[in-house]
Amino acid sequence: MPSSRQRTLLYASVAVVSSCGMVYELALGTLASYVLGSAVRQFSIVLGVYVSAMGLGAWASARVQARLWRRFLVLELFVALVGGLSAPLLMLCVAQGRLFDTLLYTFVFVVGGLVGAELPLLIRALEGAGPF
């Protein structure tokens, strides 16, 4: 069973990563409104795709049964990698003049799905570690 210090560090790291997921969403919405125009429309579409993907990610995470901690850590790494690379790659697409909106919504969907899978995996992993 993890010590209280370990749990505190785990909760703090989850809070930071979840905050990063929100920052990725806002950054992608802002980038979409700058490039495609119509801020209200772009933020609405980005938010809708992100929340829908979060639901799908939460649903898909129920299928993960083995090695929950390992899969949770891999998931966190993917959130950081995909979210962190999304804005620079999208700016490269703007410079090249190709596929910006397709790649934008793909990034939004992938980041949303990964963020949506985080919490269910964490809760199930903590339930297996002792009293929750």
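Nothing here was measured: the structure is a model prediction, and the numbers come from that model.
- If you take CG on Leu121 and CZ on Arg71, they are separated by 9.0 Å, rounding to the nearest 0.5 Å.
- Note that the CZ atom of Arg70 and the CG atom of Leu75 stand 13.5 Å from one another [nearest 0.5 Å].
- Put simply, the side chain of Arg124 gets close to the backbone of Ser61: a donor and an acceptor are under 3.5 Å apart.
- Residues Leu26 make up the rest of the hydrophobic cluster containing Phe43, defined by ILVMFWY side-chain heavy atoms closer than 4.5 Å, directly or through other members.
- In the hydrophobic cluster analysis, where Ile, Leu, Val, Met, Phe, Trp and Tyr join through side-chain heavy atoms closer than 4.5 angstrom, Leu122 is grouped together with Trp59.
- Between Val115 and Tyr50 there is a side-chain heavy-atom pair separated by less than 4.5 Å.
- Using a 4.5 Å cut-off between side-chain heavy atoms of Ile, Leu, Val, Met, Phe, Trp and Tyr, with links allowed through other members, Val74 and Trp69 fall into the same hydrophobic cluster.
- Remark: Leu28 CG to Leu103 CG distance equals 9.5 Å, nearest 0.5 Å.
- What you find for Ala53 and Phe109 is that their closest heavy atoms are CB-O, 3.2 Å.
- With values rounded to the nearest 0.5 angstrom, Leu36 atom CG is found 8.5 Å from Leu31 atom CG.
- Listed by first and then second residue, the side chain to side chain donor-acceptor pair (under 3.5 Å) pairs that reach into residues 101-118 are Gln42-Tyr105, sequence neighbours excluded.
- Annotation: side chain of Val46 is in contact with side chain of Glu25 (closest heavy-atom distance under 4.5 Å).
- Following chains of ILVMFWY side-chain contacts shorter than 4.5 Å, one cannot reach Leu47 starting from Val49, and the two form parts of different hydrophobic clusters.
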Side chains of residues 76-96: which donor-acceptor pairs under 3.5 Å do they make with residues two or more places apart or in other chains?
from  : atom 1 : to    : atom 2 : distance (Å)
Ser86 : OG     : Gly83 : O      : 2.8

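- A continuous path of ILVMFWY side-chain contacts below 4.5 Å connects Leu56 to Val111, so both sit in one hydrophobic cluster.
- To the nearest 0.5 Å, atom CG of residue Leu73 and atom CG of residue Leu68 are 11.0 Å apart.
- Using a 4.5 Å heavy-atom cutoff, the side chains of Val40 and Ser44 are in contact.
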